[in-house]
Amino acid sequence: MNHGPHFMAAIAYVWNERKAGKSPARNKVIPTPSEEQLILVELVRSVSAMRTETVMQTVKDVLKQPPAIAKEKKHLSLEVCMLQFFYAYVQRIPVSSLVDSWPSLLALLKDSIQLGLPSPGQFLILGVLNEFILKNPNLENKKDQRELQDVTHKIVEAVGTIAGSSLEQTTWLRRNLEVKASPQIVVDGASLEADVEDLMLTVMETSNFTPSVYSVHALTLLAEVLAHLLDMVFYSDEKERVIPLLVNLMHYVVPYLRNHSAHNAPSYRACIQLLSSLSGYQYTRRAWKKEAFDLFMDHTFFQMDPSCVSHWRAIIDHLMTHDKTTFRDLMTRVAVAQSSSLNLFSNRDAELEQRAMLMKRLAFTVYSSEVDQYQKYLPDIQGLTSFL
């Protein structure tokens with residue numbers, strides 16, 4: 001098709017012009033297209049020369065070298081608008097067309113990783129990948145499956161880097177991260193649509209703009225899609241390949257969960273949803289078990305938004321249920337704290353506070369479990385409560 005990139009760039013420009021006003025029917029990170037925008041999808045699908053492979057190749061060309069249009073729209077990101085269109089397009093084409101066009105889609109995904117797209121563009125790339133997996137979870141060719149795994153690893157890694165952009169290193173000698181003392185963009189509640197719509201369609205070019213404004217969006221998107229995506233992409237005999245990726249991701253997640261300040265609340269909520277979703281898959285356990293237990297034992301554990309309690313219940317249930325030692329370790333800690341005599345040089349109030357803290361963790365563990373799950377431990381638990 002002649003002038004394909006200019007045609008698709010014009011589609012992206014009109015896509016931006018046809019965006020809907022604020023409405024409640026929107027996804028958390030990727031905006032839901034308006035009816036007028038969906039007409040553009042049907043328009044492209046109706047053009048006989050624009051087969052699925054052609055659309056993918058043309059979108060790739062636009063991303064690599066966007067045509068010089070709409071210069072008066074200073075903050076318009078043509079690449080993001082193009083990917084918003086493409087995401088909606090992928091959602092609405094037949095599975096057979098998507099599967100047959102896998103080589104072209106793979107090329108688009110690979111190139112997108114190298115282009116340094118704005119953060120919203122990288123979110124959309126992950127969204128496109130997730131849509132492909134939802135429609136076609138299995139590739140017959142082993143080489144295709146391995147390439148899918150490799151590109152998934154790179155895309156998730158890129159979004160994970162954005163997720164960690166609200167963190168800073170505490171010292172230059174060690175790779176310890178902590179949350180920056182700055183406000184974070186809230187991605188839920190009444191202002192969600194305004195926040196996301198503006199950020200998804202605008203790329204600020206001023207020097208005071210930093211990628212950290214997108215960290216909560218990245219965490220939210222990962223919480224929504226990552227656990228199921230990895231489970232589908234990596235087969236049962238390949239789950240070990242996921243662990244290094246998750247270990248690196250947890251390096252960004254844990255600092256947010258250690259911080260209970262009000263300004264970090266949006267990140268805390270997103271991270272606890274992400275950890276909760278991952279904990280439901282037993283093969284991920286090695287990547288988060290130690291960190292989750294340490295967070296559980298931290299003295300600030302219960303300083304959380306009420307909406308996070310259900311996620312922590314799921315995490316603690318999976319933490320204690322999926323092996324035979326973790327609950328016993330907790331019981332041992334409580335028993336040692338209860339039975340040890342007060343040290344001459346220790347602070348009595350501090351020791352009593354420590355005992356109470358451990359009993360609270362034990363109570364929360366039982367609260368998070370199935371009915372009668374710990375019935376056989378009831379005599380031991382009753383014995384521990386007698387020290388209070």
Side-chain angles (χ1 to χ4, degrees), residues 4-6 8-13 15-16 19 27-31 33 37 55-71 73-91 104-133 147-148 150-166 185 187 195-207 209-222 224-226 229 245 249 252:
H6 286 83
M8 291 304 293
I11 291 288
Y13 179 81
W15 180 274
N16 179 62
K19 64 178 180 289
N27 292 332
K28 282 193 172 182
V29 177
I30 300 176
Q37 287 175 324
V55 171
M56 292 179 177
Q57 292 165 1
T58 309
V59 168
K60 184 183 72 170
D61 293 340
V62 172
L63 297 178
K64 291 178 71 173
Q65 192 171 359
I69 66 170
K71 289 184 177 179
K73 296 280 187 180
K74 184 178 180 181
H75 298 309
L76 169 68
S77 172
L78 196 68
E79 299 97 317
V80 172
C81 295
M82 187 78 271
L83 284 170
Q84 286 182 346
F85 162 83
F86 184 63
Y87 177 75
Y89 176 83
V90 168
Q91 286 182 312
S104 298
L105 179 60
L106 176 64
L108 189 157
L109 295 174
K110 282 183 173 179
D111 280 9
S112 299
I113 297 168
Q114 308 296 328
L115 291 176
L117 293 170
S119 297
Q122 296 188 51
F123 301 155
L124 287 156
I125 290 296
L126 179 56
V128 168
L129 173 63
N130 188 56
E131 284 298 320
F132 176 80
I133 297 303
E147 288 182 323
L148 173 62
D150 291 342
V151 78
T152 298
H153 191 288
K154 291 176 181 176
I155 292 172
V156 171
E157 209 169 42
V159 176
T161 301
I162 300 170
S165 60
S166 285
I185 299 295
V187 296
D195 288 338
V196 174
E197 186 73 7
D198 292 342
L199 289 169
M200 291 298 287
L201 294 175
T202 306
V203 177
M204 301 296 291
E205 296 173 354
T206 55
S207 60
F209 178 85
T210 63
S212 63
V213 300
Y214 290 110
S215 61
V216 182
H217 297 78
L219 291 166
T220 302
L221 183 60
L222 289 172
E224 291 174 356
V225 308
L226 183 63
L229 176 68
L245 175 62
L249 187 61
Y252 294 126

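Dense packing is recorded around NE2 of H153, with more than 12 heavy atoms of other residues, nucleotides or ligands lying under 6.0 Å away.
Nearest heavy-atom pair across L124 and V80 is CD1-O, 3.7 Å. Nearest heavy-atom pair across L108 and M56 is CD1-O, 3.3 Å. Of all the heavy atoms in P5 and T58, the pair that sits closest is N-CG2, 3.5 Å. Nearest heavy-atom pair across A88 and W15 is CB-CH2, 3.7 Å. Considering all non-hydrogen atoms of both residues, Q122 and V159 come closest at O-CG2, 4.0 Å. Closest approach of L78 and A12 over heavy atoms only: CD1-CB, 3.9 Å.
A distance of 4.5 Å separates CG in L109 from CD1 in I155, rounded to the nearest 0.5 Å. For the atom pair Q84 CD and Q37 CD, the distance stands at 7.0 Å (nearest 0.5 Å). Between S77 atom OG and L83 atom CG the span is 8.0 Å, to the nearest 0.5 Å.
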Could you go step by step and tell me if M8 and F85 meet the side chain to side chain contact (heavy atoms under 4.5 Å, CB included) rule? CA-CA 10 Å; M8 291 304 293; F85 162 83; 3.3 Å; yes
With side chain to side chain contact (heavy atoms under 4.5 Å, CB included) as the test, would you mind laying out the steps for D61 and Q65 before giving the verdict? CA-CA 6 Å; D61 293 340; Q65 192 171 359; over 6 Å; no
I would like to know whether V59 and L63 meet side chain to side chain contact (heavy atoms under 4.5 Å, CB included); could you show each step before the answer? CA-CA 6 Å; V59 168; L63 297 178; 4.2 Å; yes
Take T152 and L245 through the test side chain to side chain contact (heavy atoms under 4.5 Å, CB included) and record every step on the way to the result. CA-CA 10 Å; T152 298; L245 175 62; 5.9 Å; no
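Residues passing the side-chain contact (heavy atoms from CB on, under 4.5 Å) test with A163, sequence neighbours excluded: A218, L219, L222. Not counting sequence neighbours, the partners of E147 by the salt bridge (Lys or Arg N to Asp or Glu O under 4.0 Å) test are K110, K143. Under the side-chain contact (heavy atoms from CB on, under 4.5 Å) criterion, K64 pairs with K60, D111, L115, not counting sequence neighbours. In this structure, the side-chain contact (heavy atoms from CB on, under 4.5 Å) partners of T161, at least two apart in sequence or on a different chain, are Y252.
Looking at I133 and L148, their side chains come closer than 4.5 Å, going by heavy atoms from C-beta outward. Looking at V128 and L105, their side chains come closer than 4.5 Å, going by heavy atoms from C-beta outward. Here the side chains of L226 and L126 are not in contact, with every heavy-atom distance at 4.5 Å or above.
Aromatic ring pairs are classed by plane angle as parallel below 30°, tilted from 30° to 60° and perpendicular above 60°; the pair Y214 and F123 is perpendicular.
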